[in-house]
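First comes the structure, then the notes that go with it.
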There are 2 protein chains.
Amino acid sequence: MNIKDVATRTGLPAKTIRYYEEIGLVTPDRAENGYRAFDRTHVHKLAFLARARGLGFSIEDCRGLLALWEDRARASGDVRAIAKAHLAEIEEKIAGLEEMRATLSDLVAACHGDDRPDCPILKRLETG
Amino acid sequence: MNIKDVATRTGLPAKTIRYYEEIGLVTPDRAENGYRAFDRTHVHKLAFLARARGLGFSIEDCRGLLALWEDRARASGDVRAIAKAHLAEIEEKIAGLEEMRATLSDLVAACHGDDRPDCPILKRLETG
DNA sequence: CCTTGACCTTCCCATCACTGGAACCCTTAT
DNA sequence: ATAAGGGTTCCAGTGATGGGAAGGTCAAGG
């Protein structure tokens with residue numbers, strides 16, 4: 001299968017698939033004309049990657065998850081540890097963003113937002 | 001004032017302050033020895049930038065906010081528009097992360113996480 | 001046979017907002 | 001004289017792509 005078909009099937013841009021090959025996440029064969037030749041397992045792997053990335057896992061996490069996925073003797077605890085660490089990062093990010101949101105929505109609410117120069121938003125940025 | 005003092009006062013790394021000069025956000029004078037010479041207004045400006053960045057505004061947003069801050073004839077509506085757009089972006093980001101968090105915490109909860117290979121997390125990544 | 005258009009390839013540059021490091025200069029104190 | 005602790009510039013790298021150039025390949029139509 002050529003790269004465009006794989007892109008369509010997995011939802012990943014062709015560029016991204018080439019990148020994943022470059023960093024060793026997939027290793028498609030090559031046809032005689034130099035085109036990448038993907039088989040079912042490659043597509044399956046790329047779909048896995050697309051889902052993991054969709055859940056926000058880093059490329060390196062994905063590499064680890066892929067390795068575990070392909071290891072029949074894996075311990076589910078290892079998978080869980082990766083997911084748990086990632087979950088913690090996400091929660092941290094959310095917390096940071098929530099704080100920004102709270103401040104920003106207060107400021108936006110406090111600013112009358114007309115032609116006058118007086119502005120609580122700028123005042124806050126000015127004075128902390 | 002030399003860059004280290006400004007860094008201490010604003011909480012910004014010296015590297016970042018140099019970068020802000022490079023992209024035209026501040027334009028400190030130069031002493032005879034080539035050192036950057038910051039005065040009170042530069043420090044004030046950098047502190048403003050530090051706070052705006054702390055609220056997640058992009059550098060380009062900061063540039064706009066700085067310009068408005070320095071414009072006595074500004075309309076607070078312009079400031080508010082920038083803040084509102086940024087708030088919307090943040091809320092979008094939060095929504096995306098919340099979705100990830102929900103899925104991930106379900107998966108982490110469902111995975112027994114021991115030595116056995118059976119793993120709902122991998123199953124989910126495998127099958128969507 | 002030739003051309004067109006849709007593929008494919010590699011390669012390099014850009015993103016965002018820094019961060020690290022090398023190589024070198026200046027100042028102050030010992 | 002030297003050492004510590006400033007400062008300077010410039011180059012390269014980060015994560016995970018995206019854009020675009022320059023050129024090879026393939027199938028269909030005139």
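Nothing here was measured: the structure is a model prediction, and the numbers come from that model. The chains referred to below are lettered A, B, ... by the order of the sequence lines, with proteins before strands, and numbering in each begins at 1.
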- Query: Rounded to the Å, how far apart are A:Arg36 CZ and D:dC26 C1'?
  - Reply: 17 Å
- Item | Nearest-Å distance for atom pair CD/C1', residues A:Glu60 and D:dT14 | 13 Å
- Whichever of A:Tyr35 and A:Tyr19 has the more 5' nearest nucleotide on DNA chain D, that residue is A:Tyr19
- Do the non-hydrogen side-chain atoms of A:Arg80 and B:Asp114 ever get within less than 4.5 Å of each other? no
- Message: Checking contacts here: which listed nucleotide (C:dC8, D:dG18, D:dT8) is nearest the side-chain heavy atoms of A:Asn2?
- Response: C:dC8
- Task: Round to a whole Å and report the spacing from CE of A:Met1 to P of D:dC26.
- Result: 19 Å
- Task: Provide, to the nearest angstrom, the distance between the CZ atom belonging to B:Phe38 and the C1' atom belonging to D:dT8.
- Result: 12 Å
- Item | Neighbour count above 12 (heavy atom, 6.0 Å) for B:Glu99 CD | no
- Message: Checking contacts here: which listed nucleotide (D:dT17, D:dG7, C:dC7) is nearest the side-chain heavy atoms of A:Lys4?
- Response: C:dC7
- Query: NA contact type, A:Arg53, heavy-atom cut-off 4.0 Å: base, sugar-phosphate, or nothing?
  - Reply: sugar-phosphate
- Item | Per A:Arg18 side chain, nearest of listed nucleotides C:dC26, C:dT10, D:dT9 | C:dT10
- Whole angstrom is fine here: how far is it from CD in B:Glu22 over to P in C:dA17? 14 Å
- Answer yes or no: are there more than 12 heavy-atom neighbours, outside A:Arg53 itself, under 6.0 Å from its atom CZ? yes
- Assign A:Tyr20 to base, sugar-phosphate, or nothing according to its heavy-atom contacts below 4.0 angstrom with the strands shown. sugar-phosphate
- Query: Within the structure, does a side-chain N or O atom of B:Arg30 lie under 4.0 Å from either OP1 or OP2 of D:dT9?
  - Reply: yes
- Query: Relative to the ring of A:Trp69, is the ring of A:Phe48 parallel (under 30°), tilted (30 to 60°) or perpendicular (over 60°)?
  - Reply: parallel
- Going by heavy atoms in the side chains, are B:Asp39 and B:His42 under 4.5 Å from each other? yes
- Message: The side chain of B:Lys15 is closest to which nucleotide in this list: C:dA17, D:dT17, C:dG20?
- Response: C:dG20
- Length of the line joining B:Leu12:CG and C:dT19:P, which is rounded to integer Å: 10 Å
- Query: D:dT17, C:dC8, C:dA17: which one has an atom nearest the side-chain heavy atoms of B:Ser58?
  - Reply: C:dA17
- Could you state the atom-to-atom distance from CG of B:Asn33 to C1' of C:dT28 in whole Å? 13 Å
- Task: Report the nucleotide, chosen from D:dA16, C:dC18, D:dG18, that has the shortest atom-to-atom distance to any side-chain atom of B:Thr16.
- Result: C:dC18
- Task: Specify the separation, in whole Å, of atom NZ of B:Lys93 and atom P of C:dC16.
- Result: 12 Å
- Which of the following nucleotides, C:dT9, D:dT17, D:dT8, is nearest to the side chain of A:Ile59? D:dT17
- NA contact type, B:Ile23, heavy-atom cut-off 4.0 Å: base, sugar-phosphate, or nothing? nothing
